[in-house]
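Single-structure report; data block below.
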Amino acid sequence: MSADTPRRIVLLRHAKADWPQVSDHERPLADRGRMDAPVAGRKLADTGIPFDLALCSTATRTRETWKLAVQELPERPRTVYEERLYEASLGDLLALLNETPDEVDDLLLIGHNPGMHALADALAGKAEGDTLQRMSRSGFPTAAFAVVGFSGSWKTVEHGVGTLLDYWAPHD
């Protein structure tokens, strides 16, 4: 892989979760989340990005979001359920990105806030159009996603390396 290999990272926050009497990790999607997740999946399909790999948090709400969203994609990418995405700090997320194999060009992360928003902010040294303003204004609600592009190896991913290419949020 050359140093200028174009890559994309898509950061998807889980859809709206319910608050039953279960541990945070086991919280399921709320009715609105079950409606928003397929819509997010269709919007992901509209990007035309052929995901090579999806890393999904092991939390129930992220797994349910992915199960509903992936049905809307033209092809199901290889999916790995990654414990480290649950309650991940910005540093944890960057470390996870740095471990991504270089044969992966387009990566989807299905995770949680504040991590997804913090990572999108941290990576986006530049932004196309009004994407950064829209992301900042909406605050990265449930079922929202950001697309960040960068060039090079995954080992070089760090603050400011990318361009915020797209941002979408339901009910926006």
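Quick note: residue numbers are just sequence positions, from 1. Scope of the values below: all heavy atoms of this structure, side chains included, with no hydrogens, waters or symmetry mates.
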Starting at CG of Leu29, measure out to CG of Asp36 and round the result to the nearest 0.5 Å. 9.5 Å
Which distance, rounded to the nearest 0.5 Å, do you find between the OG1 of Thr79 and the CZ of Arg63? 12.5 Å
Note: Leu164 and Met135 closest approach over all heavy atoms is CD2-CE, 4.1 Å
Pairwise side-chain contact, Arg84 with Asp92, heavy-atom cut-off 4.5 Å (strictly under): no
For Asp18, which residues count as a salt bridge (charged side-chain N to carboxylate O under 4.0 Å, His left out) partner, sequence neighbours excluded? none
Step by step, work out the side chain to side chain contact (heavy atoms under 4.5 Å, CB included) result for Glu72 and Val39. CA-CA 8 Å; Glu72 304 297 327; Val39 176; over 6 Å; no
Could you pull out the closest heavy-atom pair between Pro6 and Ser151, with the gap in Å? CA-OG, 4.2 Å
Between Leu132 and Val148, is there shared hydrophobic-cluster membership here, with clusters defined by ILVMFWY side-chain heavy atoms closer than 4.5 Å? yes
I need the Arg61 CZ to Ile110 CD1 distance, nearest 0.5 Å. 14.0 Å
Taking all non-hydrogen atoms of both residues into account, name the closest pair between Gly111 and Ser57 and its distance. CA-CB, 4.5 Å
Partner set under side chain to side chain contact (heavy atoms under 4.5 Å, CB included) for Gln71, not counting sequence neighbours: Lys67
Shortest non-hydrogen contact from Gly33 to Ala15? O-CB, 3.4 Å
Hydrophobic cluster membership, with links at side-chain heavy-atom distances under 4.5 Å among I/L/V/M/F/W/Y: are Val80 and Leu93 in one? yes
Glu75, CD atom: more than 12 neighbouring heavy atoms under 6.0 Å: no
Side chain to side chain, Leu108 and Leu11, heavy atoms closer than 4.5 Å: no
Cationic N near anionic O, under 4.0 Å, Glu64 to Arg27: no
ILVMFWY network linking Leu85 to Leu90, side-chain heavy atoms under 4.5 angstrom: yes
Validation: residues 119-126 side-chain donor-acceptor distances under 3.5 Å, sequence neighbours left out:
none

Asn113 side chain to His117 backbone, donor-acceptor under 3.5 Å: yes
Lys/Arg-Asp/Glu bridge criterion (N-O < 4.0 Å) met for Arg7, Asp105: yes
For Thr58 and Cys56, indicate whether the former's side chain and the latter's backbone hold a donor-acceptor pair under 3.5 Å. no
Intermediate values then yes/no, side chain to side chain contact (heavy atoms under 4.5 Å, CB included), Thr62 and His112: CA-CA 8 Å; Thr62 51; His112 310 265; 3.5 Å; yes
Mind checking the CD-CZ spacing from Glu158 to Phe150? Nearest 0.5 Å is all I need. 11.0 Å
Side-chain heavy-atom pair Leu107, Val10 within 4.5 angstrom cut-off: no
Can you tell me if Glu83 has over 12 outside heavy atoms packed within less than 6.0 Å of its CD? no
hydrophobic_cluster_shared for Tyr86 and Leu96, side chain cutoff 4.5 Å: no
With hydrophobic residues grouped by side-chain heavy-atom distances under 4.5 Å, do Val70 and Val147 end up in a single group? yes
Just wondering, do Asn98 and Trp154 contact through their side chains at under 4.5 Å, heavy atoms? no
Would you call Thr131 and Leu165 a side-chain contact if the rule is heavy atoms closer than 4.5 Å? no
Would you indicate whether the side-chain heavy atoms of Ile9 and Asp106 approach each other to under 4.5 Å? no
Is the closest side-chain heavy-atom distance between Thr65 and Arg13 below 4.5 Å? no
Smallest heavy-atom separation, Asp102 atom then Ser153 atom, equals OD2-OG, 3.1 Å
Please round to the nearest 0.5 Å and tell me the distance separating atom CD1 of Ile49 and atom CG of Asp52. 10.5 Å
Taking the side chain as everything from C-beta on, heavy atoms only, tell me whether Leu12 gets closer than 4.5 Å to Leu44. yes
So, for Ala17 and His14, which heavy atoms are closest and what is the spacing to 0.1 Å? CB-CE1, 4.5 Å
Check each of Trp168, Tyr167, Phe145 against Phe140 using the ring pair (Phe, Tyr, Trp, His ring centres under 6.0 Å) test, and report the only one that passes. Tyr167
